[in-house]
Number of protein chains: 4
Amino acid sequence: MSEYYDGVLDEVMERVRPYVGAGTVADYIPQLAKVDPEQFGFTMATVGGDLHSIGSATTRFSMQSITKVFTLALVMGRSDHNVWARVHREPSGNAFNSLYQLEFENGIARNPFINPGAIVVTDQLLNDTGDAFTALRDLLREETGSPDLDTDHRTASSELATGDRNRALAYLMSGFGNMLEPVPEVLDHYVRQCAITISCEELALAGLLLARHGRRADGTSLLDQGQARRIMALMLTCGTYDAAGEFAYRIGLPCKSGVGGGILAIVPGRYSLAAWGPGLGEKGNSVSAALALEAFTDITGFSVF
Amino acid sequence: MSEYYDGVLDEVMERVRPYVGAGTVADYIPQLAKVDPEQFGFTMATVGGDLHSIGSATTRFSMQSITKVFTLALVMGRSDHNVWARVHREPSGNAFNSLYQLEFENGIARNPFINPGAIVVTDQLLNDTGDAFTALRDLLREETGSPDLDTDHRTASSELATGDRNRALAYLMSGFGNMLEPVPEVLDHYVRQCAITISCEELALAGLLLARHGRRADGTSLLDQGQARRIMALMLTCGTYDAAGEFAYRIGLPCKSGVGGGILAIVPGRYSLAAWGPGLGEKGNSVSAALALEAFTDITGFSVF
Amino acid sequence: MSEYYDGVLDEVMERVRPYVGAGTVADYIPQLAKVDPEQFGFTMATVGGDLHSIGSATTRFSMQSITKVFTLALVMGRSDHNVWARVHREPSGNAFNSLYQLEFENGIARNPFINPGAIVVTDQLLNDTGDAFTALRDLLREETGSPDLDTDHRTASSELATGDRNRALAYLMSGFGNMLEPVPEVLDHYVRQCAITISCEELALAGLLLARHGRRADGTSLLDQGQARRIMALMLTCGTYDAAGEFAYRIGLPCKSGVGGGILAIVPGRYSLAAWGPGLGEKGNSVSAALALEAFTDITGFSVF
Amino acid sequence: MSEYYDGVLDEVMERVRPYVGAGTVADYIPQLAKVDPEQFGFTMATVGGDLHSIGSATTRFSMQSITKVFTLALVMGRSDHNVWARVHREPSGNAFNSLYQLEFENGIARNPFINPGAIVVTDQLLNDTGDAFTALRDLLREETGSPDLDTDHRTASSELATGDRNRALAYLMSGFGNMLEPVPEVLDHYVRQCAITISCEELALAGLLLARHGRRADGTSLLDQGQARRIMALMLTCGTYDAAGEFAYRIGLPCKSGVGGGILAIVPGRYSLAAWGPGLGEKGNSVSAALALEAFTDITGFSVF
């Protein structure tokens, strides 16, 4: 079986190779703009915990929006009812940091995977726990078994320095009465979450939380099966910004991408997949990582449909 | 096994019963407004062709937007490449008949399951076959084995009489150069498609085309497996108007609804489900049919995630 | 005094000369695209009826949206109360043929000088008189003393052939219940109005209707003083598409432009000015005609402010 | 002449009396919500400096957005060219504090009289002078001859406490690179400007700056005649939020309103008019002050058209 997986990954690598380095490294966060674009990694983790990797699968990269999945999981594990009064669950049809829909919908974000929605979820986690960043970092440390997994402070500072649009989003929601904690504090936690660095192998391990329908690495449950399914449904419909329809069409798996170039994808009940390449396409998703996932589903036939 | 299914359906019925009659019958199409709201039907078809039904599962109702799935299948089977230059594959974030996004996106509709997208798909089918309505009707007759399945001319006339907004959508696209055939002719085929009447049992049979990944009742293939998966991905992300995220969250199956009160849902590789109740919720989806599907997935654990 | 005017006009001509031919001839109406761009005319009419002209002031051009002023005057003279329930009086902040604001505002156009508003006004005039085109043509014939003033049928046909967006606007309003007469009939009158050809001298004479605060050439009153003022207020705030603020800022007179390249401007109580040059700027107003009016107000100091 | 004016004002008072107290006092700024709604004042100032008043014309009220006129005048007097690269001059077609148009137009506000535009103008004045608030306060003190004219610190604090939407607007512009000074500092100056209190008599005196086409009370010129005209053109097209078209239609004078209930109107070359009543209509303009101005123009026939 292991040989089968290795053969699949080799074929994925072969198909992706011409596109390694394609796309544009995110430049609106100065620290991210410094990343070498000619990198690529891919890891497949089975629910049993086996890892199969190709490329730079142990190099850490900035999680960015991929953290939104785990922050949401933490909040759903604690206050599932509260949060859905503050954020909807619909695709947005707009860019990840757009304000206008937020304004029309009275400060209620469309879903937890666009920036305003994720800021609300972070605000809820901060209100629930007193320390949203540490809650997330500790979850990731425990799921990956990497006690040194942490935020990159230069990236976090860099995001804060250029985060005027997130401030605008947060103050707009605050103006509508949809913030519990002070905006600057929430945004501080939010950017430190986003700036956590992780490798493909670690990310695939963390993603098993969903592949195992809510069961953690230590055997306890963070989420029940229904909750885990619902997070995956959100990933499929809203996980890749304004390209969620295209991802569902081409890849057919729940995915969550980040502007650091990572994408997490889940084959429910079976695998967690982590792909990474820093170059982004025009909608902010990694070009090589998306191609790798498309190759994977094409070769293996895995799809939720 | 059959007993198991019957037990499931009984439990679905029990849970839905208090909500039969809930919601509001579509009133913008006069003919639909006359339907008795106190009706409900549900059919589960296995890929082997067995049917399990409860309620008024042989009463015909107006397919309306559910036809969009089959029209798209016919077009994908013939001219898969052409149509995607004319319609995108993203959720819309807006009502099914909204013009403004269409205007901002230069006459390219967001996806094939909102009205402007479906009008473009019908236009393509008309251009491909010379008779879009008959092509669809004949497909449905063959998949269901019901040679008398047909459009309801009063409903079609009623829709034409009140279809100014569809005319506005079609002329707007025509103004952007995105119509091949004359607008009045395309709309005539479009409304006759929508006005086809079908029962839960027939709809479940027709839906097997997708559950069997493109294989028709006669064993030939209309679509290959990848195409069938892609249609189901579109159903999940875009099949229930501006509530697609909510449906994915609650039900976790690819669904397509219509304002006639029907919903088609697919368990890929296994089942085709048809639920019907005329009363609609505020986003235009049947209240009782949605509850029935939610009960079904809750009881059986079937979900794509 | 006449010498003074002639001196002013000479100076206007001198300033405008380098820009004659600048801009782009409207090309979405095929017939307009054939006009020689290297033309320019300017006429100043005093309320006493004296004319002072430079350039091609007797060459006729397509009135296009300038007709909207006179159609509105006819409707206000007959059914001032009825029409304002059907169209608002606010600047639009959007292009002249935009649908999206119309959709958000439930089929009530922002003002009578953008296309949907003017279509409603034409519909009202058609409903009031039975023949909106003839009512307008006869008014213009009488005010100009030109019995041969008429529509250009090739331009009207050309507009009908390319008028899908106007059809979309009209059907959208019809869908909201804001049309009295059948859409195709209203649009037929609308395009024949727009296609009326007129010279600068004739247009300046027709504009005296407003400069004289509603008094017609024959001494009778079409409008009372308050109504004439209100039309001029609408011209200042809404008369030049999405550049009304810029025109008010630079020229300071009530103006109405058309994509045929003409602009009508009024010095209330004193003069009617007609300028014409076929080349349009990016917001659809004639480049040379706007510069001529700006030069005129700069030289003479005439401004309503 | 003085008797004539007094007769006019008596008639204005008579017409307005039934509406004193009508409308709703602004409640989003807590301090403003405490104002007694049953107040009304009106002052007419001639360019010669004579004052004619009725009602509570010496009671001070919060200037709010009326300050935007004077802040713009100060900036145009210093850096007329710089500011227009940062703010447009078109009506907005939206509410005064809307974000969405700002987002679509890349952080360039539609005009200087909606909040984002005025924040940019304040930012420019702060950058030009080092103290935007004092520059404005001193101008108003000098034009009115009231050395005690000042901001109300409780209102300013109250606005800061509830100013999340203004923060959102400012950070959005900052994200687009359209702020020179730090957002919190600019907003501090902005709210202190808005919270300046003034009476009808003082406001009418200050408005003479425009009625005299830029000439100050001490005979020096802050603006040239063209600049003063341009400010009045902006007032007419953009001075009363999303009701500018309606005001131009009904009143026909350049006006600027504030949510404190004041409205400044100018008869160019002749008069400055200040009206005040705390109750606002649905678009944020004082009901009684607007009626008073409409009565005034109706009785006297003064109108720019």
Side-chain angles (χ1 to χ4, degrees), chain C residues 76 84 87-95 98 100-101 104-105 110-114 117 210-211 213-214 225-254 266-270 283 294 297-298 301-305, chain D residues 76 84 87-95 98 100-101 104-105 110-114 117 210-211 213-214 225-254 266-270 283 294 297-298 301-305:
Chain C
M76 284 179 70
W84 301 117
V87 58
H88 290 155
R89 293 182 286 227
E90 293 302 325
S92 82
N94 291 289
S98 172
Y100 100 96
Q101 202 163 37
F104 277 116
E105 300 187 355
R110 292 285 289 185
N111 68 65
F113 293 158
I114 53 174
L210 293 166
H213 288 107
Q225 177 162 319
Q227 289 176 316
R229 283 181 167 163
R230 285 171 190 138
I231 291 180
M232 289 189 279
L234 286 169
M235 291 169 73
L236 194 92
T237 51
C238 318
T240 46
Y241 311 126
D242 194 24
E246 194 62 26
F247 266 68
Y249 189 88
R250 286 169 49 198
I251 297 173
L253 295 177
I266 309 293
V267 183
R270 298 197 172 196
K283 300 216 166 159
E294 192 177 6
T297 56
D298 187 36
F302 285 125
S303 159
V304 300
F305 301 111
Chain D
M76 283 179 70
W84 301 117
V87 58
H88 290 154
R89 295 182 285 229
E90 293 302 324
S92 82
N94 290 289
S98 172
Y100 99 95
Q101 201 164 38
F104 277 117
E105 299 187 355
R110 292 285 288 185
N111 68 65
F113 294 158
I114 54 174
L210 292 166
H213 288 109
Q225 177 161 321
Q227 289 176 316
R229 283 181 168 162
R230 286 171 189 137
I231 291 180
M232 290 188 278
L234 286 169
M235 291 169 74
L236 194 94
T237 50
C238 318
T240 46
Y241 311 125
D242 193 26
E246 193 62 26
F247 266 68
Y249 189 88
R250 286 168 50 198
I251 295 173
L253 294 177
I266 309 294
V267 184
R270 299 196 172 197
K283 302 219 165 153
E294 192 177 5
T297 56
D298 186 37
F302 286 124
S303 158
V304 300
F305 301 109

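In what follows, every heavy atom counts, from backbone to side chain, and hydrogens, waters and symmetry copies are set aside. Order of the sequence lines fixes the chain letters, A, B, ..., with proteins taken first and strands second; residue numbering starts at 1 for each chain.
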I need the minimum non-hydrogen distance between I251(C) and T297(C), along with the two atoms involved.
O-CG2, 3.4 Å
Most heavy-atom pairs under 4.5 angstrom with chain D, which of G226(C), A243(C), G269(C)?
A243(C)
Decide yes or no for V304(C) and P254(C): does some side-chain heavy atom of the first lie under 4.5 Å from some side-chain heavy atom of the second?
yes
In terms of heavy-atom proximity below 4.5 Å to chain C, should L234(D) be classed as side chain, backbone, both, or neither?
side chain
Side chain, backbone, both or neither: which part of H213(D) has a heavy atom under 4.5 Å from chain C?
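Just the side chain, heavy atoms under 4.5 Å.
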Taking P268(D), A233(D), A211(D) one by one, which has the highest count of heavy-atom pairs under 4.5 Å against chain C?
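Counting heavy-atom pairs under 4.5 Å, the top option is A233(D).
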Electrostatic pair D242(C):R110(D) at N-O distance under 4.0 angstrom:
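Yes, charged N to carboxylate O under 4.0 Å.
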Look up atom CZ in R230(C) and atom CE in M76(C), then write down how far apart they are to the nearest 0.5 Å.
7.0 Å
